[in-house]
Number of protein chains: 2
Amino acid sequence: MNIGEAATASGVSAKMIRYYESIGLIQPPSRTESGYRVYAGEDIHSLRFVKRARALGFSIEETRELLALWRDKSRASADVKAFALKHIGELETKIAELQGMARTLRHLAHNCHGDDRPDCPILEDLADPAGVKCH
Amino acid sequence: MNIGEAATASGVSAKMIRYYESIGLIQPPSRTESGYRVYAGEDIHSLRFVKRARALGFSIEETRELLALWRDKSRASADVKAFALKHIGELETKIAELQGMARTLRHLAHNCHGDDRPDCPILEDLADPAGVKCH
DNA sequence: ATGGGGCTTCCCATCATGGGAAGGTCAAGG
DNA sequence: CCTTGACCTTCCCATGATGGGAAGCCCCAT
């Protein structure tokens, strides 16, 4: 299995497969005599694992830890769960941040009449968030 | 006003002030004979505008457009509002993505007993999201 | 006049990904 | 058998926003 086929089969681009190999996230596959990478079923499995972890928002370093837990057949499920819960907490923090931004902007946009006139509370807020009038 | 004082006054680090200047986001300030940057009230105002826009999640390029709208006294508030609404939409998209991740992870974590045993639905999902059992 | 803190520029690192060049390889069809 | 086009290899560069740090100059207070 070539890198292109592995990319199609795993959903990870060939570029990223090489990158993951270069940083030691995945094992270097075997090579043909001419140097082409050759992937087996197990490699594709790992690549899909990585793909899925990334899709769930884990960083590459976190994915590395998850891979280690996955390969460690004697891990405690409590460790995995704690890892997941920590990540959920980080996701929730980020969500709250974005919601704060969206809420503020919605409020400003709501107060902006949105017509041909130049007066705009959105720009006014950006220029002076505290609403300190400069007389 | 030195760059350090401008940083304190605006909440933008000296490093970033120089960077914003280098990419043409803010006007180069005047300099002392010895080359020190000297900031005036108007500069601080712009820096705070940038800071606020960034805090609301606008990219630097978007901030550049907002600055242009701000300086253009004849802009239509409709343009600003459309800009804000577009950004709100992007924020909401990102929020929905993160919520999807968090929801999935919460579901998986909920089904993980989290004890000393190695069995873990979280890792099982990462390894095989579709739940295709490999016999 | 000296010491310490602030300023200058310049380069490097991050994180994850993609683009592209230069060159080697493989398979299919003439 | 040779050509052609699609694939592979490595290597370098770019992104976006920010920080770290080095080398060297400057300014002010003691």
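Treat the numbers as computed from the prediction; the structure is a model and nothing was measured. Chain letters run A, B, ... following the sequence lines, proteins first, then strands; residues in each count from 1.
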- prompt: Quick one: B:Glu5 CD to C:dG6 C1', roughly how many Å, whole number?
  reply: 10 Å
task: Assign each of B:Phe58 and A:Ile3 to its nearest nucleotide of DNA chain D by heavy atoms, then name whichever residue's nucleotide is nearer the 5' end.
output: A:Ile3
message: Is there a side-chain contact between B:Asn2 and the phosphate of C:dG6, meaning an N or O under 4.0 Å from OP1 or OP2?
response: no
- prompt: When you measure from the side chain of A:Ser34, which nucleotide among D:dC26, D:dC8, C:dC26 comes out closest?
  reply: C:dC26
query: D:dT9, C:dT17, D:dC26: which one has an atom nearest the side-chain heavy atoms of A:Tyr20?
result: C:dT17
message: Over 60° means perpendicular and under 30° means parallel, so tell me whether B:Phe58 and B:His87 are parallel, tilted or perpendicular.
response: parallel
- prompt: Could you give the CZ-to-P distance, from A:Arg18 to D:dC12, as a whole number of Å?
  reply: 15 Å
message: Checking the side chain of B:His45 only, and the main-chain atoms of A:Ala127 only, is there a donor and an acceptor separated by less than 3.5 Å?
response: yes
- prompt: B:Ser59 has a side chain; which of C:dG18, C:dT8, D:dA17 sits nearest to it?
  reply: D:dA17
Side-chain heavy atoms of B:Val50 within contact of B:Val12, under 4.5 Å: no
statement: Whole-Å distance, B:Leu47 CG to D:dT18 C1', equals 16 Å
- line: Checking C:dC10, C:dT8, C:dT25 against the side chain of B:Arg31 (C-beta onward), the nearest is C:dT8
task: Compare the minimum distances between each of D:dC27, D:dG20, D:dT18 and the side chain of B:Ile60, then state the nucleotide with the smallest one.
output: D:dT18
task: Check every atom of D:dA17, D:dT9, D:dG19 against the side chain of B:Lys15 and return the nucleotide holding the closest atom.
output: D:dG19
Whole-Å distance separating the CD atom of B:Glu33 from the C1' atom of C:dT8: 16 Å
query: Can you tell if the side chain of B:Ser10 reaches within under 4.5 Å of the side chain of B:Met16, non-hydrogen atoms only?
result: no
message: Checking B:His107 against B:Cys112 for the side-chain contact (heavy atoms from CB on, under 4.5 Å) test, could you report, in this order, the C-alpha distance in whole Å, the side-chain angles of both residues, the deciding distance, and whether it holds?
response: CA-CA 9 Å; B:His107 177 68; B:Cys112 174; over 6 Å; no
message: Counting only side-chain nitrogens and oxygens, does A:Arg37 get under 4.0 Å of the OP1 or OP2 atom of D:dC8?
response: no
task: Please report, rounded to the nearest Å, how far the C1' atom of C:dA16 is from the CD1 atom of A:Ile26.
output: 15 Å
query: Could you give the CE-to-P distance, from A:Met1 to D:dC7, as a whole number of Å?
result: 15 Å
- request: Could you pick out which residue, A:Met16 or B:Tyr39, lies toward the 5' side of DNA chain C when each is mapped onto its nearest nucleotide?
  value: B:Tyr39
Side chain of A:Arg54 (C-beta onward), nearest among C:dA16, D:dT18, C:dC7: C:dA16
- request: Find the distance B:Ile17:CD1 to D:dG19:P and express it as a whole number of Å.
  value: 11 Å
field: Any N/O donor-acceptor pair, B:Tyr19 side-chain to D:dG19 base, under 3.5 Å
entry: no
